[in-house]
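Atoms within each ligand, like the ligands themselves, are counted from 1 in listed order.
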Amino acid sequence: MLKVAIVGYRAQGSNHHAPSFAGLADCQIVAVCDIVEERARAGADRYGAPAYTSMDEMLQTEEIDIVDIPVGEGYRYDLVMKCLGRGLHVFTEKPLAGAEGQYRIQLSDVPLAQEMIDEWQHHDTHFGICFCLHASRNVKWAKQVIQSGKLGGLRQIYARTALGSWNHLIDMVRFLSGEVEEVFAYTDDAEMGNKVACLKFESGAVGTLAVSQDLGLQFQIKWIGELGEATIDDIAGTAYWHLHNSHDVTHWSDARQLDGGTYGTQFEDLIAEFVSSIRESRPFVADGWAGLRHMEIDAAITESIRTGKAIPVRRYMPDKGHTILTLT
Ligand SMILES: NC(=O)c1ccc[n+]([C@@H]2O[C@H](COP(=O)([O-])OP(=O)(O)OC[C@H]3O[C@@H](n4cnc5c(N)ncnc54)[C@H](O)[C@@H]3O)[C@@H](O)[C@H]2O)c1
């Protein structure tokens, strides 16, 4: 049985993370910690575990294998660093840092994410990021179609999103298309809720990434290869592909996924996959490297908006860096 501690029991912790870990047969929630005592107590009561208002005290008292840290980006660094430093498995939310919030990632935020990676690399543990679209079945299906080679090599990618999935979309574009070499971005909005970035990939492919505050559709990705193209429509949505020289469209469908209420199952599936990857000592698809690479691209986009210039995406490559771009 893996002993799991929850640190941060508000929206994400109480609605998604804790229930997902608790639902796994091989996990047990052994402590719930929140600096707001009534939240810690609410979680502790629900899972029959002790409540803590201090993570330090919890770490000193309890025997723990996995620390789940679903807190906002402003609180993340100290908590994650302490747990990684103790050699514990850590699962946390995205983005890894963000002094000005999750939609305005700055170059100055990136070193914090690098430090987390450095700490993690000292230990043989798993560091997972809640990029839950990796568990989305339409995304998995599209990735398999792309990997099969039937669409040819990537030439262009177009991705658009409402504000809430901005961080996720950057991660997804990288997951489906490879490393981004350079970005050029624009916004008409000081809050950056309406922005667009041109992307140049290492492979030579190009793409755009656009966000608007008030889109009805949560997100869409069009992946265009030399021979055909694949489209992913929305969280808990659909996907389809076709060859350029054919009108035959192949749709993916899954009754469970098409039910909008299944948004929560992505958390369950991703967390189940995280635990399995620990058990089986294999890499986790949305690991710390995915968290860092998201930060590097997002920060370059903000910097391009600030300077009006194209900005190279500088990748931190200790020991070349591990990059998982394939399904595990
Ligand atoms: N993966 C997704 O699809 C998804 C969806 C929504 C939000 N998010 C992410 O989740 C995060 C926000 O989640 P939230 O709204 O639940 O977070 P929040 O920051 O509002 O709440 C976190 C909880 O952690 C507690 N906390 C803060 N510091 C603590 C500490 N030192 N020790 C113990 N507890 C502490 C707070 O009291 C609070 O109860 C953001 O980073 C956001 O980007 C991800």
Side-chain angles (χ1 to χ4, degrees), residues 4-21 29 31-44 46 49-62 64 67-83 88 90-105 109 112-113 116 128-136 139 161-172 175 193 211 218-219 234-237 260 262-271 273-274 284-287 290-291 294-295 298:
V4 182
I6 309 292
V7 177
Y9 196 75
R10 208 188 67 88
Q12 288 300 101
S14 66
N15 293 328
H16 298 300
H17 288 236
S20 297
F21 278 105
I29 294 183
V32 178
C33 174
D34 198 298
I35 42 175
V36 178
E37 192 175 350
E38 62 177 308
R39 293 182 192 157
R41 291 216 172 282
R46 182 163 168 192
Y52 289 89
T53 53
S54 154
M55 189 183 78
D56 290 340
E57 193 192 333
M58 180 191 83
L59 293 175
Q60 277 158 21
T61 313
E62 302 292 337
I64 296 164
V67 187
D68 174 38
I69 311 180
V71 299
E73 53 281 350
Y75 307 116
R76 191 163 352 272
Y77 175 81
D78 286 343
L79 299 171
V80 166
M81 288 294 279
K82 274 184 187 164
C83 294
L88 297 168
V90 171
F91 189 79
T92 192
E93 271 295 348
K94 53 80 205 168
L96 281 181
E100 294 192 21
Q102 61 173 312
Y103 303 122
R104 297 173 65 89
I105 303 301
D109 295 322
L112 295 184
M116 293 180 209
I129 314 298
C130 194
F131 278 128
C132 49
L133 293 182
H134 286 277
S136 192
V139 168
T161 182
L163 193 59
S165 294
W166 171 250
N167 300 161
H168 291 286
L169 201 74
I170 292 174
D171 168 62
M172 275 291 109
F175 176 63
V211 59
Q218 188 67 31
F219 80 86
D234 230 340
I235 296 176
T262 57
Y263 167 69
T265 62
Q266 293 181 131
F267 293 91
E268 291 166 17
D269 291 352
L270 190 74
I271 286 170
E273 172 58 21
F274 178 67
F284 175 59
V285 68
D287 70 356
H294 153 256
M295 294 287 298
D298 211 344

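For the pair D109 (side chain) and L112 (backbone), a donor-acceptor distance under 3.5 Å is absent. Looking only at distances, a side-chain donor or acceptor of D34 sits under 3.5 Å from a matching main-chain atom of Y9. Side-chain atoms of T92 do not come within 3.5 Å of backbone N or O of I129 as any donor-acceptor pair.
Of the protein's non-hydrogen atoms, D34 OD1, 3.5 Å is the one closest to atom 36 (C) of ligand 1. In this structure, atom 18 (P) of ligand 1 lies nearest to the protein heavy atom R10 NE, 3.6 Å. From the protein, the heavy atom lying nearest to atom 32 (N) of ligand 1 is I35 CG2, 3.8 Å. For atom 19 (O) of ligand 1, the nearest non-hydrogen atom of the protein is G72 N, 3.0 Å. For atom 11 (C) of ligand 1, the closest non-hydrogen atom on the protein side is V71 O, 3.7 Å. Protein heavy atom in closest approach to atom 31 (N) of ligand 1: L79 CD2, 3.5 Å.
Residue contacts with ligand 1 for Q12 involve both N, CA, C or O and side-chain atoms from C-beta outward (heavy atoms, distance under 4.0 Å). Neither the backbone nor the side chain of D78 has any atom closer than 4.0 Å to an atom of ligand 1 (non-hydrogen atoms only). Only side-chain heavy atoms of C132 come within less than 4.0 Å of ligand 1; its backbone N, CA, C and O stay farther off.
Looking at E93, R39, M58, K94 and measuring to atom 43 (O) of ligand 1, the nearest heavy atom belongs to K94.
Taking a cut-off of under 4.0 Å to the non-hydrogen atoms of A11, the atoms of ligand 1 that pass are 15 (O), 16 (O). The ligand atoms of ligand 1 that sit less than 4.0 angstrom from a heavy atom of R76 are 41 (O). Close contacts between ligand 1 and E73 involve ligand atoms 40 (C), 41 (O), 43 (O) [criterion: under 4.0 Å to a heavy atom]. Distances below 4.0 Å separate heavy atoms of H168 from the following atoms of ligand 1: 1 (N), 2 (C), 3 (O).
Residues H16 and E268 form no side-chain contact, since every pair of their non-hydrogen atoms from C-beta on lies 4.5 Å or further apart.
Polar contact check, G13 against ligand 1: no nitrogen or oxygen pair lies under 3.5 Å apart. In terms of N/O distances under 3.5 Å, ligand 1 is approached by C130. Ligand 1 has no N or O atom lying under 3.5 Å from any N or O atom of N167, backbone or side chain.
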With a 3.5 Å cut-off and sequence neighbours excluded, list the donor-acceptor pairs that the side chains of residues 53-60 form with protein atoms.
unit_1 : atom_1 : unit_2 : atom_2 : d
S54    : OG     : D56    : N      : 3.3
S54    : OG     : E57    : N      : 3.0
D56    : OD1    : K82    : NZ     : 3.0
D56    : OD2    : K82    : NZ     : 3.2

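Close to ligand 1: F267, with a non-hydrogen atom less than 4.0 angstrom away. Distances from ligand 1 to the non-hydrogen atoms of Q266 include no value under 4.0 Å.
Classification of the F91-F21 ring pair by plane angle, with boundaries at 30° and 60°, yields perpendicular.
Judged as a salt bridge (charged side-chain N to carboxylate O under 4.0 Å, His left out), and not counting sequence neighbours, the contacts of R104 are E100.
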